[in-house]
Amino acid sequence: MSTVVNDIPAFTAKDLVTDQEVRWCPGCGDYSILKQVQTVIPELGLKREEIVFISGIGCSSRFPYYMETYGMHSIHGRATAIASGLKITRPELSVWIITGDGDSLSIGGNHFIHLLRRNIDVNILLFNNEIYGLTKGQYSPTSELGKVTKSTPMGSVDHPFNPLALVLGAEGTFVARSMDRDPIHLRTVLKRANAHKGASLVEIYQNCNVFNDGAFEVFTEKSSKADETLFIEHGQPLVFGAQKDKGILIDGFTPRVVSMNDVSANDLWIHDETDRVKAGILTRFFDDPKNGPHFPRPFGVFYAEDRFTYETALKKQLEDAITAKGAGDLDALLRGSNTWQVKG
Amino acid sequence: MENTTLHATEATILFAGDSGDGIQLAGDQFTNTTALHGNDLSTFPNFPAEIRAPQGTLAGVSGFQIKFGSTEIYTPGDHCDMLVVMNAAALKANLKQLKAGGIIIANTEGFDPKNLRLAKYPDGVNPIEDGSLDAFRLFKIDVTKMTKATLDGSGLGTKEIDRTKNMFVLGFIYWIYNRSLETTIKFIEQKFGKRPEIVDANVKTLKAGYHYGETSETFMQRVEVKAAQIAPGNYRNINGNPATAYGLIAAAQKSGLPLFLGSYPITPASDILHELSRHKNFGVRTFQAEDEIAAITSAIGAAFGGSLAITTSSGPGIALKTEAIGLAIMLELPLVIINVQRGGPSTGLPTKTEQADLLQAVYGRNGEAPLPVIAAQSPGDCFYAVYEACRIAIEHSTPVFFLSDGYLANGAEPWQYPVSADLKPIKAVFAEALPEGEKFLPYKRDEKLARKWAVPGVKGLEHRIGGLEKEHETGNISYDPDNHEFMVKLRAEKVERIADYIPDQQIDQGPSKGKLLVIGWGSTYGAIKTAVKAALEAGHSVAHAHIRYMNPFPKNLGELMKQYDYVLVPEMNNGQLVRMLRDKYLVPAEGFNKIKGIPFTSTELLEKIKTLA
């Protein structure tokens, strides 16, 4: 999303709170995300009346009701398609899509990938809690293999999606990950997403404390976070660990975890957001931490690419058509090229 | 020998051949030329679903029937006077369409052993040689040989030469009916402009066909069908799908709204997408979506943003859009859903026509979800009917169904095109910024029960809408039992109230009281009109009413039906409108149904009318 820079915010986070009672379960990760979004938006230089939040169905999709902007709580999986139609016809609006792992990767998978390849300039916040919450606890397309839920009493045999690998494969131009429990990081990533001209996808790890509590614990809890997460920044070496004592090297196409005692920072993989191939490798840092040796899970902006957006290209075609043929003349259209007259 | 000329008031020709023979193109050209000649006309293209079905087989036969005359023409004709066949399969598939004593023009090369075998004639049987067609007037022409001779030395390959065969036949038919070649030559020049050798070949072959008529003496009699005495005015030829596209552009222009089309390709609706895509200089945005659901939901997004939003499809695609139509009903946003009906259920008969989606349009959603439904009755009427659908959508803040069908979509007729200044104005009412401190109520209604269009970008109107049941006026989510019942009834009343804003039902022809009223809707108009006219001339007590407003019905419809002893409802389905009429008005209505993927003939309707009136 592009930013309009103003000197003073015309509204504050408080102005974005609606009179509707927030109905998520107490302790839900959605509360934090809502708070961060309400905090960030006034800093973006947008006009409140030009902001639109569109959601599908699911717990996260109640989000627009809590944002004092324009909004639509639509039907399951279709927020991406609705937002596409809105942005194509009203390119000046700031359009945000709120969706979940079931909404965008299961029932709405098709619209999700097509919006990404078209690179429509919207911000997609994908709340990933790896479970169906609103329908009370079935496994989702991001639930891990073997997941025991109400609909998989013997464990899930569905191989899960790797959402960011999917996004990159769908020709996404802005690929990022953050989490509900790291407000500062989330705000930074949201700002970056808004600044990107094109489809921005932010996967947000979100804890469902009722049906899938602790799904992302290793990434969020103090005891394990430093060793299990890798915060990536453009131009910076890939370093992690409580003592910043571990790094990642890349050998050809093969990444390797090394001790900082053995290498210098200069030898490490230096993150380059514009490198599509390496972004692909980063999305593959996706092993289940429970299953033995693994890479830390990356957070931050994996990939950002400048590519024309669908709506600007279409707008240009409209302008070109007018230049070439002149503004449409309805009577000439109705008449066509072959007419005859019947005399009375 | 000197040719004699027969004067006729009307004629029906059926062009038939392999789907690769250029039959549809020849038919279109004959139609345009005939329209410019001043005849009234009606056409019926009939082709297989496969782009290139196996060559020479019965499944691969493509047909184009045109009826034209110096009187008013409402149908493409029950039977043809002349059958033009490019091969044996085309003859076999269409011979039953030819009137007794009718003319057959046969391309002899299409009756070689291979073609006869593919058409499943028994070994050794060749209908154009064995006298079995003696009841008709058979003219055999070796089109292939003539075409080759014409283009000898042109440098073109056999395949390219072969492709001009249809032009030879067309030229010959032009000679019979004494038509000018000018329109077709102009068309060829435009179509193949970049390849002068192809232009040259086609024009040469067209002329050769024409001259063949003049010099060969095969055909003794030319036919003269004079220009029709139709209402004075300016005319053009039009098919239903382009007329629909023009109606949408006109509605956008007259309402001052930008036009958005969300669509996914499907037969027979795709031509509306194609046509609209060509008119970007009218500010038209067309979006070929990833699927039918995205097609309609992108349109809902565009409607939220203040566009005149449209989605086009046919039966199977409409089924996929159903949930989103329910959303549009809850959001109470303007949206026009176009269904160019085809034979169903499921994939059904993609290239054949049917009227079997009426109940789907009126009732086919979860929950109590009424919406207005408008149906077009002729190719040119698609323009006015879809324009009216747009007007109702915009002025009553509701999704509207527009029903066309394959027969209207592809059929053509002369069209007295309108002048934009004469079109009924369409007024979109937008919510405006409120005085400081006043709270915006997104579901506050006017006397029509319509809500105002509040589009993003207006300060102070920030609001949320969605698919959950909403509280009256505020639009907030509400699970209150009384509110839900109230809102369901309010939404129904809103649609019912549209009846106050549409014209009364008229009688198309016949007495205003009598024995039998024939009620039709959609593309059966021409066939019913022709049949009722004949019945009236024969002294029967019968009248015809054709319904455009399928929901809500015009307010006087019940009273109007009571003026007749009996109501007959012909439909190309298993009885849908007839159920709605019986249900709502408890009238003794009888269905007359044809579910064959082809339109009614006026003859079969007349037979039925005679048994009742």
Side-chain angles (χ1 to χ4, degrees), chain A residues 18-20 47-55 57 64-65 67-90 92-93 110-111 113-114 314 317-318 320-322 324-328 330-331 333-344, chain B residues 32 35-36 38 183 227 230-237 246 249-250 253 258 260 262 279-285 287 289-291 293-294 297-307 309 323-324 326-327 331 417-420 456-468 476-477:
Chain A
T18 67
D19 60 2
Q20 298 295 295
K47 289 181 184 161
R48 193 175 62 164
E49 64 271 21
E50 292 193 341
I51 301 169
V52 186
F53 276 82
I54 296 183
S55 65
I57 294 292
Y65 288 118
M67 289 294 296
E68 190 58 54
T69 62
Y70 282 90
M72 191 193 292
H73 174 223
S74 72
I75 44 178
H76 208 7
R78 318 302 169 204
T80 31
I82 291 171
S84 297
L86 179 62
K87 184 69 183 180
I88 289 167
T89 51
R90 297 287 306 276
E92 77 281 13
L93 298 175
N110 201 27
H111 316 310
I113 55 176
H114 286 274
L314 182 62
Q317 282 196 340
L318 263 58
D320 289 350
I322 291 170
K325 299 198 256 181
L330 183 56
D331 282 303
L333 176 74
L334 298 180
R335 202 160 51 235
S337 50
N338 288 313
T339 64
W340 69 96
Q341 198 180 27
V342 175
K343 294 213 169 79
Chain B
N32 286 336
L36 284 170
T183 313
I230 49 178
N234 294 313
Y235 285 81
R236 62 172 288 173
N237 188 42
Y246 296 165
I249 293 175
Q253 296 270 307
F260 176 86
H279 302 292
K280 291 197 164 68
N281 61 326
F282 283 87
V284 179
R285 285 178 166 84
F287 178 62
E290 57 273 19
D291 59 30
I293 298 172
T297 47
S298 63
I300 290 173
F304 186 48
S307 285
E323 187 196 12
L327 174 66
L331 299 178
Y417 57 87
V419 176
S420 63
V458 183
K459 203 172 171 176
L461 300 187
E462 290 88 351
H463 68 287
R464 276 65 54 195
I465 54 177
L468 286 169
N476 292 332
I477 304 172

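Each chain gets a letter, A, B and so on, in the order the sequences are listed, and its residues count up from 1. Computed from a prediction, not measured in an experiment: that's the story for all the values here.
- No other option in A:I322, A:V52, A:T339 has as many heavy-atom pairs under 4.5 Å with chain B as A:T339.
- With contacts defined as side-chain heavy-atom distances shorter than 4.5 Å, the pair B:Y235/A:Q341 does not qualify.
- Residue A:E68 touches chain B through both its backbone and its side chain, counting heavy-atom pairs closer than 4.5 Å.
- Highest contact tally toward chain A, considering only B:V284, B:N476, B:I300, B:I249, is held by B:N476 [criterion: heavy-atom pairs under 4.5 Å].
- With a threshold of 4.5 angstrom between heavy atoms, A:K343 approaches chain B through N, CA, C or O but not through any side-chain atom.
- In this structure the side chain of B:P258 never reaches within 4.5 angstrom of the side chain of A:T89, judged on heavy atoms.
- Looking only at distances, a side-chain donor or acceptor of B:N281 sits under 3.5 Å from a matching main-chain atom of A:G326.
- Looking at B:R236 and A:R335, their side chains never come closer than 4.5 Å, going by heavy atoms from C-beta outward.
- Each of B:A309, B:A302, B:A289 has some count of heavy-atom pairs under 4.5 Å with chain A, and the biggest count is that of B:A302.
- Top candidate by heavy-atom pairs under 4.5 Å with chain A, chosen from B:R285, B:H279, B:Q253, is B:R285.
- With a 4.5 angstrom heavy-atom cutoff, A:L318 touches chain B via backbone and side-chain atoms both.
- The existence of a salt bridge linking B:K459 and A:E50 is excluded, since no basic side-chain nitrogen approaches an acidic carboxylate oxygen closer than 4.0 Å.
- Residues B:P418 and A:L334 have side chains in contact (heavy-atom distance under 4.5 Å, counting atoms from C-beta outward).
- Note: A:G71 leads A:A321, A:G71, A:P64 in heavy-atom pairs under 4.5 Å with chain B.
- When heavy atoms are compared at a cutoff of 4.5 Å, A:D320 does not approach chain B at all.
- Under the 3.5 Å distance criterion, the side-chain polar atoms of A:R90 are matched with a main-chain donor or acceptor of B:P456.
- Note on ring orientation: taking the six-membered ring where Trp is involved, the planes of B:H463 and A:Y70 are perpendicular (angle over 60°, cut-offs 30° and 60°).
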